Amino acid sequence: MATKNSTAGPGASFLRRHLTEIVLLLGCVVVFAFTAYVNDAYIRLFQYNIQHIIRYTSMLGIFAIGAAIVIISGGIDLSSGSMIAFGGMICCMVISVLAQAIAPDAADPTSGVPSWVIVVAVCSTLGVGVLVGTLHAWLITIVGLPPFVATLASLVGLRSLALIMTKAVTKWQGQQAFKINIQDETFMDIGSVWWIPLLIFVVVACLAWLLMNRTIVGRHLYAMGGNEEAARLSGIRTDRLKWLAYCMGTMTAAIAGILFSSEVGSSDPQTQGVGYELYAIAAAVVGGCSLQGGVGRITGVVLGALFLRVVIDAVAKLIGSGSSDYEGLIVGLLVVLAVAFNQLSDQAGGWKKQFFPGLLGWAAIPTIGCLVGASVLTPEGNPLLGLIAAAVTCVVLSIMKLAADFAGKKEA
Amino acid sequence: MIDMHVRPFRLNRLLPTFLLLCLTVWQTGCGGRSSSSGDPSASSSGAVKRVILLTNGDDPFWDAMRTGMEKAAVDFDLASANLKVEMDKNDGTSKGQIDKLKQYAGQTDIAAVAISVTDADNAALARTMTDLDKVGVKVITVDSDINRDKFRSSRFVYLGTDNFVGGQELGRAAKGLRSNGGTFATFYGLSAAANVIERTSGFADGAGASFTKADGLSDNMDLTKAQANVRNALQNHPEIDTLVGIWAYNAHAIVEVVNETGIRDKTKIVVFDAAPKAIQHMSDGMIDAMVVQNPYQMGYLATRLAKAMIKSDTATIQEMFPNINPETGEPTSENGDILTTELRVVVPDAESPLIPEMFNPDTQFFTSEQFNAWLAERSLTGS
């Protein structure tokens with residue numbers, strides 16, 4: 001693939017190629033520094049908070065990488081959250097069943113299980129990840145379903161299936177339940193000890209980077225994402241590539257499912273991983289992936305996940321109690337900013353365009369004003385602050401629109 | 001070269017994005033600081049520390065507990081001890097609580113946490129509570145306890161209702177309304193929640209063998225699904241004559257569907273907790289019995305205890321928990337680490353077939369009018 005500016009020096013070329021990563025890295029530093037300035041927890045409990053951020057970044061990043069590979073290949077995987085729940089259920093189910101077979105008379109068979117049981121459970125979970133990925137590839141390439149529909153079916157179906165299987169297995173074991181608890185300390189350490197998710201994340205990221213950047217298969221995935229028909233006509237086996245991409249998506253989600261189940265010591269199909277597919281897609285998009293396919297880098301996704309976690313953690317530190325209420329707002333805002341940044345940068349004169357043209361522009365200004373006003377409201381806060389923020393936003397945007405309209409007329 | 005859309009580099013293009021990012025974080029920071037109730041000097045770097053009540057989910061039930069906490073904060077002068085109370089609402093999951101507890105451990109202004117445990121048997125949650133205790137944050141359980149047999153040491157004490165006993169009282173109410181027995185369905189938010197398991201087990205025990213369970217449906221705290229569950233249960237099991245609401249909002253969902261289907265005359269409705277809508281429904285004659293906890297008292301006592309623990313006030317701890325060693329935290333009697341809060345049975349009026357003698361002597365018995373007066377005294381809209 002050719003670059004547009006072949007005359008630039010190596011330093012400028014590096015900066016151009018890794019613009020997204022540089023912005024994200026700087027963003028992390030700015031957000032972290034600002035939070036540390038406002039809240040002393042980052043300084044006084046530096047080690048704990050860094051480990052906390054790294055662990056959560058790793059757990060998000062692992063399945064975000066899988067989601068990104070699917071996106072780069074021109075597809076979409078909406079099943080990550082449900083696959084996390086399903087993978088976690090498979091892992092806990094295997095441990096629970098084997099533990100009871102080994103020690104049927106123990107008061108709590110799942111505490112102190114042999115290591116091989118955990119290995120078997122992890123391998124089974126990864127195997128199930130491949131099976132679900134294969135199902136997605138079959139639905140998309142043979143049945144001809146759009147990726148959105150095929151993975152949407154898994155999004156709703158896998159969670160239900162996980163719940164049915166949980167009830168069946170626990171009933172078979174004696175008392176029907178809706179979750180499977182695992183008391184084994186070693187299993188719980190996998191997701192709780194900060195460096196284990198990090199280690200897995202590094203391995204997954206390195207393998208994904210090698211696949212996408214240093215192999216023919218990786219180049220073909222980019223080519224298929226850029227133009228599937230052209231890739232197929234040039235002899236690329238797109239069906240096999242889709243199988244690989246969707247298996248990567250579900251396998252990484254299955255790994256995340258093991259980690260999340262390990263962290264909470266249980267598999268709870270009703271609540272585990274709900275909405276996580278959107279976080280995976282958000283990390284990929286913030287990391288520079290285009291939902292149209294063919295664009296994106298693993299390094300960007302890694303930093304996208306880090307940036308999301310740093311911002312979410314900063315919000316938790318700054319707001320304190322009730323910070324989770326703001327999480328969706330922040331992630332949504334970041335996704336919009338990231339996509340807008342990428343698109344405007346891609347377009348010639350993108351940053352100079354008129355953002356509020358005509359009647360739609362006038363309609364958008366109060367909408368954005370209301371959004372800004374509502375986002376500064378808090379249950380105990382002063383409503384006047386929200387009104388002032390909304391009014392100031394409307395006035396500023398109106399001035400910008402009038403100035404742009406005036407400049408446009410003058411040019412004409 | 002992999003990236004097919006390499007962009008020309010312009011530093012000035014980064015500026016708007018940076019400004020927006022900084023604005024986002026700044027705005028959030030300002031919002032958060034303004035959200036801190038109580039002492040305006042409260043900040044992460046200041047001397048004021050927080051006592052947090054971590055709920056298991058979001059429900060009007062917690063509003064009464066918050067009122068109790070705020071009253072206790074005034075009565076026991078928490079401000080002079082550089083303390084303030086806050087409530088943090090969880091999303092109903094164990095992971096949500098584990099995440100929040102780990103977040104607390106990374107903050108410097110948390111002095112104590114009172115937690116309503118989502119899953120009593122969750123070893124990871126118990127371990128996280130123990131870790132929080134190890135970094136110097138006092139941990140107690142309220143409303144819903146951790147499994148005492150396995151993880152007693154992960155918290156100091158438990159303050160709240162015995163949910164199994166509450167379930168038994170609800171079962172006795174159903175039995176009192178249908179002396180010949182009946183067929184019932186239960187409705188709740190999360191089937192795996194500790195209080196759901198305890199209350200439903202208690203209900204079956206209290207109602208006795210003459211009652212048959214037809215269905216038990218969870219709604220994941222989705223109020224639309226809560227109503228759909230009631231419809232489905234009634235359609236799939238026309239023999240159902242007793243509807244049981246296990247979580248506070250289930251009362252409204254049940255009443256809506258019973259109204260819609262016009263089966264009130266042949267259906268008995270018994271529910272847990274007195275959500276504002278449930279109180280209104282009882283006044284309208286749509287609910288036959290409510291078993292009501294006292295979250296106001298839980299919040300009040302939890303705040304008092306938290307302050308005593310933070311300030312090493314052993315006299316107060318001994319007064320509240322006479323059968324516990326305040327130094328070691330070990331109970332000196334079987335239930336020395338439990339302080340059971342009030343439980344009430346509320347009936348529509350004196351004409352109800354339910355009478356106080358049908359219930360535990362410790363359970364208070366109220367008519368709807370008496371209960372509304374009790375709420376009004378404390379400026380509460382629900383309990």
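In what follows, chains are A, B, ... by sequence order, proteins preceding strands, each numbered from 1. All figures in this text were calculated on a predicted structure; none of them were measured in a lab.
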Among residues 144-151 of chain B, which residues come closer than 4.5 Å to chain A, judged by heavy atom distances?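 So far as heavy atoms go, B/Lys150, B/Phe151 are the residues that approach chain A to under 4.5 Å.
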Residues of residues 126-135 of chain B under 4.5 Å from chain A (heavy atom pairs)?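 Those residues of residues 126-135 of chain B which have a heavy atom under 4.5 Å from chain A are B/Arg127.
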Take the angle between the ring planes of A/Tyr48 and A/His52 and call it parallel below 30°, perpendicular above 60°, tilted in between.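 A/Tyr48 and A/His52: parallel rings.
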Is there a donor-acceptor contact under 3.5 Å from the side chain of [X] to the main chain of [Y]?
{"X": "A/Asn39", "Y": "A/Thr35", "result": "no"}
{"X": "A/Arg159", "Y": "A/Pro269", "result": "yes"}
{"X": "B/Trp247", "Y": "B/Val196", "result": "no"}
{"X": "B/Gln97", "Y": "B/Thr55", "result": "yes"}
{"X": "A/Ser290", "Y": "A/Gln292", "result": "yes"}
{"X": "A/Thr110", "Y": "A/Gln183", "result": "yes"}

Less than 4.0 angstrom from a charged side-chain N to a carboxylate O is my criterion; do A/Arg55 and B/Asp99 meet it?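 Not counted as a salt bridge, because no side-chain N and carboxylate O are separated by less than 4.0 Å.
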Less than 4.5 Å to any heavy atom of chain A: does that hold for the side chain of B/Lys89, its backbone, both, or neither?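 Answer is backbone: N, CA, C or O of B/Lys89 sit under 4.5 Å from chain A.
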Most contacts with chain A, counted as non-hydrogen pairs under 4.5 angstrom, among B/Met87, B/Lys100, B/Arg50: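 Top count of heavy-atom pairs under 4.5 Å with chain A: B/Arg50.
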Looking at B/Ala105, B/Ser94, B/Gly96, which has the largest count of heavy-atom pairs under 4.5 Å with chain A?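 When all of B/Ala105, B/Ser94, B/Gly96 are compared, B/Ala105 has the most.
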Quickly, which of B/Asn250, B/Asp222, B/Asp219 forms a side chain to side chain contact (heavy atoms under 4.5 Å, CB included) with B/Asn229? Name it, please.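 Going through B/Asn250, B/Asp222, B/Asp219 one by one, the side chain to side chain contact (heavy atoms under 4.5 Å, CB included) with B/Asn229 is satisfied by B/Asp219 alone.
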Just jot down the side-chain contact (heavy atoms from CB on, under 4.5 Å) partners of A/Val336, sequence neighbours excluded, or say none.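 For A/Val336, no residue satisfies side-chain contact (heavy atoms from CB on, under 4.5 Å) once neighbours in sequence are set aside.
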How many angstroms lie between CZ in A/Phe260 and CD1 in B/Ile98, if you round to the nearest 0.5 Å?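 Interatomic distance, A/Phe260 CZ to B/Ile98 CD1, rounded to 0.5 Å: 11.5 Å.
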For A/His220, all residues meeting ring-ring contact (aromatic ring centres under 6.0 Å, His included), sequence neighbours excluded: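 A/His220: no ring-ring contact (aromatic ring centres under 6.0 Å, His included) contacts found.
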Among A/Asp313, A/Asn181, A/Ile72, which has the most heavy-atom pairs under 4.5 Å with chain B?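 Most pairs with chain B among the choices: A/Asn181.
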Checking [X] against chain B: side chain, backbone, both or neither under 4.5 Å from a heavy atom?
{"X": "A/Tyr42", "result": "neither"}
{"X": "A/Asp108", "result": "side chain"}
{"X": "A/Glu185", "result": "both"}
{"X": "A/Phe46", "result": "neither"}

Checking A/Asn49 against A/Lys317 for the side-chain hydrogen bond (donor to acceptor under 3.5 Å, both in side chains) test, could you report, in this order, the C-alpha distance in whole Å, the side-chain angles of both residues, the deciding distance, and whether it holds? CA-CA 10 Å; A/Asn49 281 303; A/Lys317 291 285 183 297; 3.0 Å; yes
